[in-house]
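Contents: one structure, followed by commentary.
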Amino acid sequence: MEGALGVENDRNPDGFRFSVEENGPLFVAHKNGDREEPLRSHLLKTAHLAKGFAGAFGAGELGYLMGLAHDIGKYSACFQRRIRFGGPRVDHSTAGAKELSSLGLIEAALCVAGHHGGLPEEGRPGDLEDKPSLWGRMKRELPDYSAFSEEVSLSPAARPVFETEFERMFFVRMLFSALTDADFLATEEFYCDGKTRRDEYDSIPSLLGAFEGYAVKRGWDTPQSPIDRMRRGVLTRCREAAKGKQGFYSLTAPTGSGKTAASLAFALHHAAKWGLNRIIYVIPYTSSIEQTAGVFREILGNKNVLEHHGSTSFDQEGGEVEERLRLSAENWDAPVIVTTSLRFFESLYSDKPSRCRKLHNIAKSVVVLDEVQLLPLPCLRLCGEAMEALMKGYGVTALFCTATQPSLKGFLKEGIIPREICPHFEKYHRDCRRVKLRDIGRQSLVSVAREMSGQNGVLAVVNTKKRARELFYLLPREGRFHLSAAMCPAHRGEVLSKIEKRLKEGRPCRVVSTSLVEAGVPGGSRAFLHSPSRWALQPGGEAPP
């Protein structure tokens with residue numbers, strides 16, 4: 001006798017009705033204590049989610065079909081025995097891949113075959129069954145799973161036409177992302193009994209309102225000084241450029257021109273105009289990420305900004321916001337992501353479910369690449385091809401943001417020229433130049449320490465952690481500080497706060513740092529920049545040469 005279970009929530013707005021036996025489900029997808037999840041229920045939840053995720057890049061029907069097919073291998077008697085009573089592992093991924101392959105949907109079959117272990121190689125039709133490739137797995141004998149046809153029906157879906165093999169490979173990863181994230185979320189909902197809190201973020205229009213309110217509060221549109229008027233000019237140009245069509249943009253503006261806030265203004269205005277879902281900042285260095293994410297949190301609120309890199313840690317007892325961001329790090333569903341170039345591009349070329357899971361959330365977003373010219377040269381073309389694919393097929397607008405106009409030769413194909421937001425950037429560089437470089441020749445650490453000790457506010461940037469430590473111990477104890485990439489983000493933040501406080505109070509402040517210091521020395525201070533062969537003195541506040 002068949003009953004019905006109806007669930008209507010944010011993830012199931014249609015209120016799917018799932019078949020359930022009177023004394024429990026006949027086929028089980030997951031078991032948690034005494035609770036069992038009907039297999040058909042899990043397939044429909046996953047299909048519904050995957051349809052929405054893949055729909056962001058026009059593959060909703062294919063996403064739905066993959067969701068229905070991904071676990072049909074669990075209809076075998078041996079899998080049902082295992083999940084209820086224990087036993088050896090059972091291959092339940094190949095069955096769905098076989099069915100999709102028989103429909104001519106090889107890309108979808110690859111995704112289903114790898115939704116647990118990772119994307120397999122496609123291989124060749126002649127591969128034998130002992131090969132781990134998709135074609136090899138298609139020839140394996142599987143336990144009887146034919147009972148799936150009594151609960152779900154697999155109908156053909158449209159398959160895109162690809163101009164190049166690269167486009168096809170990229171599509172597979174995006175499709176794979178839609179399936180794996182849908183499967184993870186549907187499974188999580190069962191195990192957590194629907195209590196996991198995700199997706200509780202402010203909308204892009206709300207974040208745009210928060211930004212403009214912050215701009216009024218800080219007086220960005222009513223500048224009082226020449227440098228503030230220059231910053232307003234950059235900000236205004238970004239707001240105007242955001243009205244343009246989706247595509248590639250560049251923002252070339254010097255340090256001190258308010259580039260971080262202006263690029264955020266572009267991203268928010270552009271996302272709001274074109275109905276995009278999120279903003280992703282891609283930055284080379286973790287120290288820069290910490291600074292940028294801190295600025296964004298101040299403007300947009302802690303809960304809306306995910307800082308995600310190798311040094312990120314989430315306090316297990318940090319409260320609802322911390323827990324929500326920890327979950328968002330799994331699939332990047334927060335509205336603003338700040339991450340490293342390494343994590344962003346490695347994910348685009350990965351074959352692992354945990355890394356690829358976030359990719360579908362890159363679709364329909366603004367991606368801001370900071371200092372794109374710092375990407376490793378051997379990877380430059382691969383990164384450029386990924387960005388071109390995202391723009392062409394996945395609704396992404398890219399903004400290349402830099403203080404020095406980069407050469408994008410080798411990054412983008414010939415003929416692709418980003419639209420420059422600040423075409424007269426040389427003027428901004430002249431307006432922002434506030435220092436004069438003076439070569440003082442080779443200096444010992446002792447002589448540098450002696451010079452620093454005579455200054456009230458001074459920064460020395462050295463090229464190794466060892467030199468930084470040695471120079472630090474040569475300075476007077478009062479007001480000396482040390483910064484290094486070996487410090488955890490929380491420790492660095494604590495030290496920077498102390499430095500900022502002392503500078504505002506006019507108390508002695510002598511800082512030794514490795515090259516993690518990204519930009520700018522407070523006016524009136526002095527900085528020593530170290531190279532392997534000599535020291536250079538950079539006095540602050542003087543006229544340019």
- [ ] Show the numbers, then the answer: is there a salt bridge (charged side-chain N to carboxylate O under 4.0 Å, His left out) between Glu129 and Arg140?
- [x] CA-CA 5 Å; Glu129 64 181 52; Arg140 295 176 186 173; over 6 Å; no
- [ ] Can you see which heavy atom on Pro353 is nearest to which on Thr180, and at what distance?
- [x] CB-CG2, 4.0 Å
Open item on the list: If only side-chain N and O atoms count, and only distance matters, is there a donor-acceptor pair under 3.5 Å linking Thr340 with His309?
Closed with: no
Open item on the list: For Lys465, I'd like to know if atom NZ has over 12 heavy atoms of other residues, nucleotides or ligands within 6.0 Å.
Closed with: no
Open item on the list: Closer than 3.5 angstrom, by distance alone: can the side chain of Ser263 be matched with the main-chain N or O of Thr260 as a donor-acceptor pair?
Closed with: yes
- [ ] Return the minimal non-hydrogen interatomic distance between Val305 and Leu325, and the atom names on each side.
- [x] O-CD2, 3.6 Å
TODO: Of all the heavy-atom pairs spanning Lys259 and Cys401, show the shortest one and how long it is.
DONE: CG-SG, 3.4 Å
Open item on the list: Would you call the rings of His270 and Tyr249 parallel, tilted or perpendicular, taking 30° and 60° as the class edges?
Closed with: perpendicular
Task: Interatomic spacing from CZ in Phe171 to CZ in Arg159 - rounded to 0.5 Å - done: 8.5 Å
Task: Check: Ala113 main-chain N/O paired with Arg137 side-chain donor or acceptor under 3.5 Å - done: yes
Task: Residues, nucleotides or ligands: over 12 heavy atoms within 6.0 Å of Lys131 NZ - done: no
Task: Heavy atoms from other residues, nucleotides or ligands near CD of Glu163 exceed 12 (cutoff 6.0 Å) - done: no
Open item on the list: Determine whether the aromatic ring centres of residues Tyr145 and Phe79 are separated by less than 6.0 angstrom.
Closed with: no
Open item on the list: When you compare the side chain of Pro132 with that of Pro120, does any pair of heavy atoms fall below 4.5 Å?
Closed with: no
Task: Whether over 12 other heavy atoms sit under 6.0 Å from Arg35 CZ - done: yes
Task: Non-hydrogen side-chain atoms of Leu251 and Cys238 separated by less than 4.5 Å - done: yes
TODO: Indicate yes or no: does Glu200 engage Arg324 in a salt bridge with an N to O separation below 4.0 Å.
DONE: yes
Task: Step-by-step side chain to side chain donor-acceptor pair (under 3.5 Å) determination, His308 to Thr339 - done: CA-CA 5 Å; His308 193 209; Thr339 190; 4.8 Å; no
Task: Residues, nucleotides or ligands: over 12 heavy atoms within 6.0 Å of Arg124 CZ - done: no
Open item on the list: Using modelled atom types and a 3.5 Å cut-off, is there a donor and acceptor pairing between side-chain atoms of Trp274 and backbone atoms of Gly244?
Closed with: yes
TODO: Applying side-chain contact (heavy atoms from CB on, under 4.5 Å), run through Leu185 and Phe53 and close with a yes or a no.
DONE: CA-CA 12 Å; Leu185 292 175; Phe53 296 157; 3.7 Å; yes
Open item on the list: Any heavy-atom pair between the side chains of Leu154 and Leu68 that's under 4.5 Å?
Closed with: yes
TODO: Return the minimal non-hydrogen interatomic distance between Ile204 and Leu268, and the atom names on each side.
DONE: CG2-O, 4.0 Å
Open item on the list: For His30 and Tyr191: C-alpha separation, side-chain torsions, deciding distance, then whether ring-ring contact (aromatic ring centres under 6.0 Å, His included) applies.
Closed with: CA-CA 8 Å; His30 303 105; Tyr191 278 100; 5.7 Å; yes
Open item on the list: Does Asp351 form a salt bridge (charged side-chain N to carboxylate O under 4.0 Å, His left out) with Arg173? I'd like the steps, not just the answer.
Closed with: CA-CA 8 Å; Asp351 61 351; Arg173 278 168 171 74; over 6 Å; no
- [ ] Apply side chain to side chain donor-acceptor pair (under 3.5 Å) to the pair Glu307 and Tyr281, showing each step before the final yes or no.
- [x] CA-CA 10 Å; Glu307 180 183 340; Tyr281 265 75; over 6 Å; no
Task: Ser101 OG to Leu105 CG distance, which is reported to the nearest 0.5 Å - done: 8.5 Å
Open item on the list: I'd like to know whether Val367 forms a side-chain contact (heavy atoms from CB on, under 4.5 Å) with Thr397, so could you lay out the CA-CA distance, the side-chain angles of the two residues, the decisive distance to 0.1 Å, and finally the verdict.
Closed with: CA-CA 6 Å; Val367 177; Thr397 287; over 6 Å; no
Open item on the list: Quick check against the 3.5 Å criterion: does Glu420 have a side-chain atom that pairs as donor or acceptor with the backbone of Thr252?
Closed with: yes
TODO: Before giving the answer on side-chain contact (heavy atoms from CB on, under 4.5 Å), spell out for Ser365 and Tyr394 the whole-Å C-alpha distance, their side-chain angles and the decisive distance to 0.1 Å.
DONE: CA-CA 9 Å; Ser365 67; Tyr394 302 92; over 6 Å; no
Open item on the list: salt bridge (charged side-chain N to carboxylate O under 4.0 Å, His left out), that's the test. Do Glu61 and Lys51 meet it? Break it down for me.
Closed with: CA-CA 6 Å; Glu61 287 186 11; Lys51 180 180 181 179; over 6 Å; no
Open item on the list: I'd like to know if the side chain of Thr94 pairs up with that of Asp91 as donor and acceptor (distance under 3.5 Å, no hydrogens or angles considered).
Closed with: yes
- [ ] Establish, from distance only, whether the side-chain atoms of Asp127 and Ser133 form a donor-acceptor pair under 3.5 Å.
- [x] yes
Open item on the list: Quick check: do Ile337 and Ile362 have side-chain heavy atoms less than 4.5 Å from each other?
Closed with: no
- [ ] Take Leu399 and Leu369 through the test side-chain contact (heavy atoms from CB on, under 4.5 Å) and record every step on the way to the result.
- [x] CA-CA 6 Å; Leu399 172 63; Leu369 290 100; over 6 Å; no
Open item on the list: Holding to ring-ring contact (aromatic ring centres under 6.0 Å, His included), I want the full list of residues that pass it with Phe248, two or more places apart in sequence or in another chain.
Closed with: Phe400
Task: Closest approach of Val112 to Ala97 (non-hydrogen atoms, all atoms of both residues) - done: CG1-N, 3.6 Å
Task: His70: partners by ring-ring contact (aromatic ring centres under 6.0 Å, His included), with sequence neighbours left out - done: His42, His115
Task: Tyr75-Glu151 side chain donor-acceptor pair, cut-off 3.5 Å - done: yes
TODO: Supply the atom-to-atom distance Leu348 CG to Arg355 CZ, rounded to the nearest 0.5 angstrom.
DONE: 11.5 Å
Open item on the list: Please determine whether salt bridge (charged side-chain N to carboxylate O under 4.0 Å, His left out) holds for the pair Glu122 and Arg168, giving the CA-CA distance in whole Å, both sets of side-chain angles, and the decisive distance to 0.1 Å.
Closed with: CA-CA 12 Å; Glu122 184 175 342; Arg168 179 170 175 262; 2.8 Å; yes
TODO: Can you establish whether the number of heavy atoms outside Glu121 located under 6.0 Å from its atom CD is more than 12?
DONE: no
Open item on the list: Side chains of Ser347 and Ser350: any donor to acceptor distance under 3.5 Å?
Closed with: no
Task: Side chains of Asn361 and Asp333, donor plus acceptor under 3.5 Å - done: no
Task: Straight-line distance of Lys352 NZ to Glu346 CD, nearest 0.5 Å - done: 13.0 Å
Open item on the list: Ignoring hydrogens, what is the shortest heavy-atom contact between Cys111 and Leu179? Give both atom names and the distance.
Closed with: O-CD2, 3.7 Å
- [ ] Check for a donor-acceptor pair, side chain of Lys45 on one end and backbone N or O of Ala186 on the other, with a separation under 3.5 Å.
- [x] no
Open item on the list: Under a 3.5 Å distance rule, please check whether Arg81 uses its side chain to pair with a backbone N or O of Gly86 as donor and acceptor.
Closed with: no
TODO: With rounding to the nearest 0.5 Å, note down the distance linking CG in Leu306 to CZ in Arg297.
DONE: 9.5 Å
TODO: Output the distance between atom OH (Tyr64) and atom CE (Met66), rounded to the nearest 0.5 Å.
DONE: 13.0 Å
Open item on the list: Counting C-beta onward and ignoring hydrogens, is there a side-chain heavy-atom pair between Leu327 and Glu188 closer than 4.5 Å?
Closed with: yes
